[in-house]
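Before any comments, here is the structure.
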Amino acid sequence: MDRKALDVCYLFTKLNTFCPSLQIVCHLGPTAFLATDIFHPGTVLPLYGSMGMVLPVGLGLALKSNSKIIAVEGDGGLLMNLGAAATVATISPRNMLCIILDNGGYRTTGGQPSAFSGTKGIPEILEASGFDYVMTATEENICDALTWGLQPGLRALVCKTIPLNYPFRDRLISPTDTISAFAERYGSNLDDS
């Protein structure tokens, strides 16, 4: 195991202490379950079964919100929808932080290695897509990285993570209930135009 790799639970716990009222769009599987368990109810919009859609949904929310939007995507989801990174970078909302969890594979679909497994490719992909501010976060620099990431402007944190061993739920939280709780908490903060 890479000594600099982050445990996702540790990352989310730190993020929650930095800013407990964040708006978070999170990718699928165990990461979504963990996020809904750690963050306050109504702050997480998990995209169950929508691999690669975190950045587009996060962008839409950032364009309609006055708050910082945190888009938590996996390396597999990023690679499945690379065009989204270029679109986000082109529009460059000042209130969006993209956190890419790089565990080196498609863990939710069976653990297949991703195309950049074991390399430093994700930061370079984001920079080539047009992101001006990209930082790699490790356990040693996570507090500084989160402080940096929560500053104004579009930013991306790439976190090399250890594979998440978090149980799947027998029953998903209802997507309708999740969306309703998210909208109830942030509806007044979204621009209606």
Side-chain angles (χ1 to χ4, degrees), residues 5-62 65 67-82 84-85 87-89 93 95-109 114 122-123 125-126 129 131 133-139 142 145-150 154-166 168 172-173 175 178-179 181-182 185-186:
L6 278 164
D7 180 292
V8 177
C9 184
Y10 179 76
L11 169 66
F12 283 177
T13 301
K14 285 291 185 188
L15 183 58
N16 197 36
T17 60
F18 267 74
C19 197
S21 62
L22 295 170
Q23 290 176 263
I24 300 166
V25 180
C26 189
H27 70 129
L28 67 164
T31 304
F33 301 143
L34 178 65
T36 57
D37 287 345
I38 288 181
F39 295 106
H40 297 288
T43 61
V44 178
L45 181 60
L47 301 184
Y48 301 120
S50 299
M51 195 168 190
M53 295 307 297
V54 168
L55 295 185
V57 171
L59 174 61
L61 285 170
S65 177
S67 297
K68 190 74 162 186
I69 301 296
I70 311 296
V72 180
E73 180 63 280
D75 55 330
L78 176 69
L79 294 172
M80 288 185 84
N81 193 0
L82 281 175
T87 300
V88 169
N95 61 332
M96 187 171 176
L97 168 62
C98 301
I99 297 177
I100 309 300
L101 304 178
D102 180 5
N103 63 13
Y106 298 93
R107 300 292 178 230
T108 299
T109 62
S114 69
I122 300 297
I125 286 173
L126 293 170
S129 296
F131 277 75
Y133 303 105
V134 179
M135 181 178 191
T136 300
T138 64
E139 190 170 324
I142 191 59
L146 289 173
T147 299
W148 174 87
L150 293 171
L154 173 63
R155 295 173 183 264
L157 285 179
V158 179
C159 304
K160 183 71 177 165
T161 61
I162 58 175
L164 182 59
N165 186 18
Y166 200 76
F168 276 91
L172 291 177
I173 298 169
T178 302
I179 292 168
F182 194 82
R185 184 172 179 110
Y186 294 109

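From Thr147, atom OG1 reaches atom CD1 of Ile142 across 9.5 Å, with rounding to the nearest 0.5 Å. Taken to the nearest 0.5 Å, the CG atom of Leu15 stands 9.5 Å off from the CD1 atom of Ile38. Interatomic distance, OG1 of Thr13 versus CZ of Phe39, reported as 7.5 Å (0.5 Å rounding). Atoms OG1 and CG, from Thr161 and Leu11 in turn, are 8.5 Å apart once rounded to the nearest 0.5 Å. Within the model, atoms CG of Leu34 and CG of Asp7 stand 8.0 Å from one another, a figure rounded to the nearest 0.5 Å.
Thr138 meets the side-chain hydrogen bond (donor to acceptor under 3.5 Å, both in side chains) test with Glu140, Asn141; sequence neighbours excluded. Judged as a side-chain contact (heavy atoms from CB on, under 4.5 Å), and not counting sequence neighbours, the contacts of Tyr133 are Trp148, Arg155. Looking at residues two or more places apart in sequence or on another chain, you find a side-chain contact (heavy atoms from CB on, under 4.5 Å) between Ala84 and Leu55, Pro56, Asn81. Judged as a ring pair (Phe, Tyr, Trp, His ring centres under 6.0 Å), and not counting sequence neighbours, Phe131 has no contacts.
Judged purely by atom type and a 3.5 angstrom limit, Asp75 uses its side chain to pair as donor or acceptor with the backbone of Gly104. A donor-acceptor distance shorter than 3.5 angstrom exists from the side chain of Asn95 to the backbone of Ala62, with no hydrogens or angles considered.
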Report task. Show your working on side chain to side chain contact (heavy atoms under 4.5 Å, CB included) between Glu73 and Ile100 and close with a plain yes or no. Result -> CA-CA 5 Å; Glu73 180 63 280; Ile100 309 300; 4.0 Å; yes

Query raised in the report: Does the side chain to side chain contact (heavy atoms under 4.5 Å, CB included) test come out yes or no for Cys98 and Leu154, once each step is laid out?
Result: CA-CA 8 Å; Cys98 301; Leu154 173 63; 4.2 Å; yes

**Report entry** Stepwise side chain to side chain contact (heavy atoms under 4.5 Å, CB included) check, Leu45 with Gln23
**Finding:** CA-CA 8 Å; Leu45 181 60; Gln23 290 176 263; over 6 Å; no

**Report entry** CA sep, side-chain torsions, deciding dist, call: Ile122, Val134, side chain to side chain contact (heavy atoms under 4.5 Å, CB included)
**Finding:** CA-CA 10 Å; Ile122 300 297; Val134 179; over 6 Å; no

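Shown here for Ala35 and Val44, the closest heavy-atom pair between the two residues is O-CG2, 3.8 Å. Scanning all heavy atoms of the two residues, the minimum distance from Pro123 to Thr136 falls at CG-OG1, 3.8 Å. When all heavy atoms of Met96 and Ala71 are compared, the closest pair comes out as CE-CB, 3.8 Å. Among all heavy-atom pairs drawn from Gly76 and Met51, the shortest one is C-CE, 3.9 Å. Looking at every heavy atom in both residues, Ile70 comes nearest to Leu22 through CG1-CD1, 3.9 Å. Contact detail for His40 and Asn16: the closest heavy-atom pair is CD2-OD1, 4.0 Å.
Counting only heavy atoms from C-beta outward, the side chains of Pro46 and Thr31 never approach each other to under 4.5 Å. For the pair Leu157/Leu146, a side-chain contact is recorded, criterion being any heavy-atom separation below 4.5 Å from C-beta on. Using a 4.5 Å cut-off on side-chain heavy atoms (C-beta onward), Val8 and Phe12 make contact.
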